[in-house]
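Comments concern the structure below.
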Amino acid sequence: MTRTRVRDLAEATGAEVVLKGWLYNRRSSKKFHFLLLRDGSGIVQCVVNRDEFDEQQFTEIGKIPYESAIEICGIANSDDRAPGGVEIHANSVECLCIAEEYPISKQEHGPDFLLSHRHLWLRSRKQVALMHIRDEVIRTIRDEMHARGFTCIDAPIFTPTACEGTSTLFEVDYFEDEKAYLTQSGQLYMEAAAMALGDVYCLGPTFRAEKSKTRRHLTEFWMFEPEMAFADLDDVMSLIEGLLSRIVERVLEHCREELEVLERDIEKLEKVQSPFPRITYTEAVERMNAEGHSFEWGGDLGAPDESVISSWYDSPVLVHRYPEEVKAFYMKRDPQDSRLAMGVDVLAPEGYGEIIGGGQREDDLDSLVGRIQEHGLSEEDFRWYLDLRRYGSVPHGGFGLGVERTICWLSGVDHVRECVPFPRMLYRIYP
RNA sequence: UCCCCGGUAGCUCAACUGGCAGAGUAGGUGACUGUUAAUCACUUGGUUGUUGGUUCGAAUCCAACCCGGGGAGCCA
């Protein structure tokens, strides 16, 4: 008999099923054991009636340690008394592997303990829910980009130079005569790919050797980076809006239960509606100052400033046209105002901060060479990148979306470390 | 790198002004007529992060170090 997954039990009521999983919890009385079986797709209560088992068997079932691997055979019944509305009337309970005393209990644990037991913590209900949401977000991105005619192009992980010349990079000592680094962005490669295939994207890990210790930072995080040929800042913003609203829509549609397990305020997500607010950096600075949150034009927005701006709206807000000094060398200048860069950052609602950074790229060779010099970067390092402006340069742009930050916001959890299966952070690489 | 906070039982924490190191939970034993973090009774469990100092006496005060958490900067 093939096994049934817990998530499919609703269609199996009345039938005999075989379930395989782990013992999540047990409640017992004289006459019954209530076993909660967890199989990754869900949790179901299995009722073991003393009258239907022999004495020794019944006693042993009452002693199976938590997280032991078990196989239960029985009839699936709908029953209002069972959590989830379906329960199994067990005919047999087999212990496939007796677990040692399981370190993670139902009570709350501290972050240090949980992170050191991440390989086990992942089994917890909320963590399973988060991984389902992560899967939904990533799949939505791929589906949506495919539907929009984008081609998935993988960017390299080893790079010969900094992509942006800003963040601290991880140096890799392997390639002869040349330093190599772990990538901090696939963007420059996506620009090359866009000139080959039109609309492209990459989705993969990126690395930042910053000594950042906050709830929004990971040392290794996943980034989704689309890049479009023949596109300007408005096209970039339209894509952001379309994609983000689609992600919210799909998570609400397919991850209801997960959001409930996480005790997410679903109304807040339902309020996310396009069109998203768009505001220029200058407008944002003016409004902040008008409201008494003093901020001087020209500086980059810090975390507290971002919270103020996002608090004005229910949907993610697109802040665009920043002072060029605070943005990367490859950003195109605003033709209307050369002090501005054609960049856009997206701030998630509820104070979750920046989830996207992007914009229109500089497509003019001479301007780009000048910018590289101004930033003190080596022209030689960017020879190939400059080639893209020598051979059929066109207006183009794109953005980078922080996958974990996006999941963090959608799920309403308070730290990105829970949004990736095995987080890598400052001072933490185990397990 | 800087600022703040913390480290006591497997886990979550308490222990007032320096005076016998405790509770809940997990584990064990037993009870309980369908439990919902089940409940109830009993019970095992300690080098108080490390090193040194002050003191009759240190989990508590001091110093250094180690480990972790939150935040800033920087970023997605």
Side-chain angles (χ1 to χ4, degrees), chain A residues 24-36 43 45-51 59 62-63 65-67 77 79-85 87 89 99-117 120-121 124-125 163-169 184-187 203 205-225 240 299-307 326-328 344-348 352-358 399-409 414-417 419-420 425-428 430:
Chain A
Y24 183 71
N25 201 2
R26 171 182 43 241
R27 295 179 284 267
S28 298
S29 67
K30 188 169 193 177
K31 219 179 149 187
F32 297 98
H33 290 306
F34 297 94
L35 307 179
L36 294 187
I43 295 174
Q45 171 166 286
C46 306
V47 184
V48 179
N49 190 328
R50 178 171 225 142
D51 297 342
T59 307
K63 288 179 178 173
Y66 291 147
E67 286 302 320
N77 295 318
D79 192 313
D80 293 339
R81 293 171 296 182
E87 69 177 16
H89 184 107
E100 290 179 28
E101 188 182 326
Y102 193 63
I104 298 180
S105 58
K106 299 291 171 284
Q107 71 175 294
E108 288 212 4
H109 293 278
D112 184 32
F113 176 81
L114 288 172
L115 289 166
S116 298
H117 293 82
L120 302 177
W121 185 25
S124 305
R125 216 166 183 170
C163 290
E164 305 186 17
T166 52
S167 320
T168 319
L169 301 176
Q184 55 167 337
S185 164
Q187 181 203 313
L203 176 54
T206 50
F207 309 86
R208 304 277 165 95
E210 296 286 349
K211 303 284 185 200
S212 300
K213 267 182 70 140
T214 82
R215 67 184 66 203
R216 299 182 305 280
H217 286 90
L218 291 169
T219 298
E220 176 184 313
F221 67 96
W222 282 60
M223 192 148 65
F224 160 63
E225 294 176 280
I240 289 172
D300 203 0
L301 300 172
D305 314 311
E306 290 178 355
S307 294
V326 304
K327 289 293 174 190
V344 56
D345 283 358
V346 178
L347 309 178
Y352 278 92
E354 185 181 344
I355 54 171
I356 284 177
F399 61 89
L401 173 144
V403 172
E404 288 79 12
R405 283 188 181 178
T406 302
I407 296 165
C408 193
W409 157 55
D414 63 6
H415 202 302
V416 287
R417 66 187 164 209
C419 300
V420 63
M425 298 179 292
L426 188 61
Y427 308 138
R428 198 173 280 281
Y430 177 91

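So that the names make sense, note that chain A is the first sequence line, chain B the second, and so on, each numbered from 1.
Annotation: rC62(B) and rG6(B) have their P atoms spaced 12 Å apart (nearest Å). Rounded to a whole angstrom, the distance from the P atom of rA59(B) to that of rU51(B) is 13 Å. As rounded to the nearest Å, rG70(B) and rG57(B) have P atoms that lie 40 Å from one another. Comparing the C1' positions of rU48(B) and rA58(B) gives a spacing of 11 Å, expressed to the nearest Å. The gap from the C1' atom of rU12(B) to that of rA72(B) amounts to 30 Å, rounded to the nearest Å. rA76(B) sits 27 Å from rC3(B) when the P atoms are compared, rounded to a whole Å.
Applying the salt bridge (Lys or Arg N to Asp or Glu O under 4.0 Å) rule to Arg417(A) yields no partners; only residues at least two apart in sequence or on another chain are considered. Checked against side chain to side chain contact (heavy atoms under 4.5 Å, CB included), Arg216(A) has the following partners two or more places apart in sequence or in another chain: Thr214(A), Ala303(A), Arg405(A). Scored by the salt bridge (Lys or Arg N to Asp or Glu O under 4.0 Å) test, Asp300(A) finds no partners at all (sequence neighbours excluded). In this structure Lys213(A) satisfies the side chain to side chain contact (heavy atoms under 4.5 Å, CB included) test together with Leu426(A), Tyr427(A), sequence neighbours excluded. Residues passing the salt bridge (Lys or Arg N to Asp or Glu O under 4.0 Å) test with Asp305(A), sequence neighbours excluded: none. Contacts of Ser29(A) classified as side chain to side chain contact (heavy atoms under 4.5 Å, CB included), with partners at least two apart in sequence or in another chain: Phe32(A). Under the side chain to side chain contact (heavy atoms under 4.5 Å, CB included) criterion, Gln45(A) pairs with Arg27(A), Phe34(A), Leu36(A), Val47(A), Ala82(A), Pro83(A), Glu87(A), not counting sequence neighbours.
Note on Arg216(A): a side-chain N or O is less than 4.0 Å away from OP1 or OP2 of rA72(B). At the phosphate of rA37(B), neither OP1 nor OP2 sits under 4.0 Å from any side-chain N or O atom of Arg125(A). The phosphate of rG73(B) has neither OP1 nor OP2 within less than 4.0 Å of any side-chain N or O from Arg208(A).
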Give me, pair by pair, the N or O atoms of the protein and of nucleotides 10-13 of chain B that are less than 3.5 Å apart, along with how far apart they are.
residue : atom : partner   : partner atom : Å
rC11(B) : O2'  : His109(A) : ND1          : 2.5
rC11(B) : O2   : Gln107(A) : OE1          : 3.4
rC11(B) : O2   : Gln107(A) : NE2          : 2.8
rU12(B) : OP1  : Gly110(A) : N            : 2.9
rU12(B) : O4'  : Gln107(A) : OE1          : 3.0

Anything under 3.5 Å between a protein N or O and an N or O of nucleotides 3-8 of chain B, put it in a table, one pair a line.
none

Write down the protein N/O and nucleotide N/O pairs, taken from nucleotides 30-35 of chain B, whose separation is under 3.5 Å; answer none if there are no such pairs.
residue : atom : partner  : partner atom : Å
rC32(B) : OP1  : Lys30(A) : NZ           : 3.4
rC32(B) : OP2  : Lys30(A) : NZ           : 3.4
rG34(B) : OP1  : Ser29(A) : OG           : 2.1
rG34(B) : N1   : Arg81(A) : NH2          : 3.4
rG34(B) : N1   : Glu87(A) : OE2          : 2.9
rG34(B) : N2   : Glu87(A) : OE1          : 2.6
rG34(B) : N2   : Glu87(A) : OE2          : 3.4
rU35(B) : O2   : Arg27(A) : NE           : 2.8
rU35(B) : N3   : Gln45(A) : OE1          : 2.9
rU35(B) : N3   : Gln45(A) : NE2          : 3.1
rU35(B) : O4   : Gln45(A) : NE2          : 2.7
rU35(B) : O4   : Arg81(A) : O            : 3.0

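Nucleotide rG73(B) holds its C1' atom 13 Å from the CG atom of Asp305(A), rounded to whole Å. Distance CZ (Phe207(A)) to C1' (rC74(B)): 19 Å, rounded to an integer number of Å. Atom OH of Tyr427(A) is separated from atom P of rG70(B) by 13 Å (rounded to the nearest Å). Atom CG in Asn25(A) sits roughly 12 Å away from atom C1' in rA26(B) (whole-Å rounding). Whole-Å rounding puts the Met425(A) CE to rC67(B) C1' distance at 14 Å. Per the geometry, NZ belonging to Lys213(A) stands 21 Å off P belonging to rC75(B), to the nearest Å. The distance from atom NE2 of His217(A) to atom P of rG69(B) is 15 Å, rounded to the nearest whole Å. As rounded to whole Å, 8 Å separates atom C1' of rA76(B) from atom CG of Leu401(A).
Heavy-atom nearest nucleotides on RNA chain B were determined for Asp112(A) and for Glu354(A), and the one closer to the 5' end corresponds to Asp112(A). Of the two residues contacting RNA chain B, namely Leu426(A) and Thr219(A), the nearest-nucleotide position lying further toward the 5' end is that of Leu426(A).
The minimum heavy-atom distance between His89(A) and Asn77(A), with the atom names listed, is CB-ND2, 3.6 Å.
Rounded to the nearest 0.5 angstrom, Glu101(A) CD and Tyr66(A) OH are separated by 11.5 Å. Summarising the geometry, atom CZ belonging to Arg215(A) is positioned 8.5 Å from atom OH belonging to Tyr352(A); distances are rounded to the nearest 0.5 Å. Taking CG of Asp345(A) as the reference point, atom CD of Glu354(A) lies at 4.0 Å (rounded to 0.5 Å). Interatomic distance, CZ of Phe113(A) versus CG of Leu120(A), reported as 8.5 Å (0.5 Å rounding). The line from NE2 of His109(A) to CD1 of Ile104(A) is 6.0 Å long, rounded to the nearest 0.5 Å.
Checked against rG70(B), rC75(B), rA37(B), the side chain of Asp300(A) finds its nearest nucleotide in rC75(B). The side chain of His415(A) has rG70(B) as its nearest neighbour among rG70(B), rA72(B), rG69(B). For Arg428(A), the listed nucleotide lying nearest its side chain is rG68(B); candidates were rA72(B), rG71(B), rG68(B).
Side chain Arg405(A) to base rC75(B): a donor-acceptor pair is found below 3.5 Å.
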Problem set entry | Watson-Crick and G-U pairing of RNA chain B written in dot-bracket, each distance under 3.5 angstrom, with | for inter-strand partners | (((((((..((((.....[..)))).(((((.......))))).....(((((..]....))))))))))))....
Exercise. What one-letter contact string describes nucleotides 41-47 of chain B from 5' to 3', where B marks a base within less than 4.0 Å of any protein heavy atom, S marks contact via sugar-phosphate atoms alone, and - marks no contact?
Worked result: -------
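Residues Arg428(A) and Leu218(A) form no side-chain contact, since every pair of their non-hydrogen atoms from C-beta on lies 4.5 Å or further apart. Residues Val403(A) and Leu203(A) form a side-chain contact, since some pair of their non-hydrogen atoms from C-beta on lies under 4.5 Å apart.
An aromatic stack links Phe221(A) and the base of rA76(B), using centre distance under 5.5 Å and interplanar angle under 30°.
Within the nucleic acid shown, Leu115(A) comes within 4.0 Å of sugar-phosphate atoms alone, with no base atom in reach, counting heavy atoms only.
Counted within 6.0 Å of NZ on Lys106(A), heavy atoms from surrounding residues, nucleotides or ligands total more than 12; the atom is thus considered enclosed.
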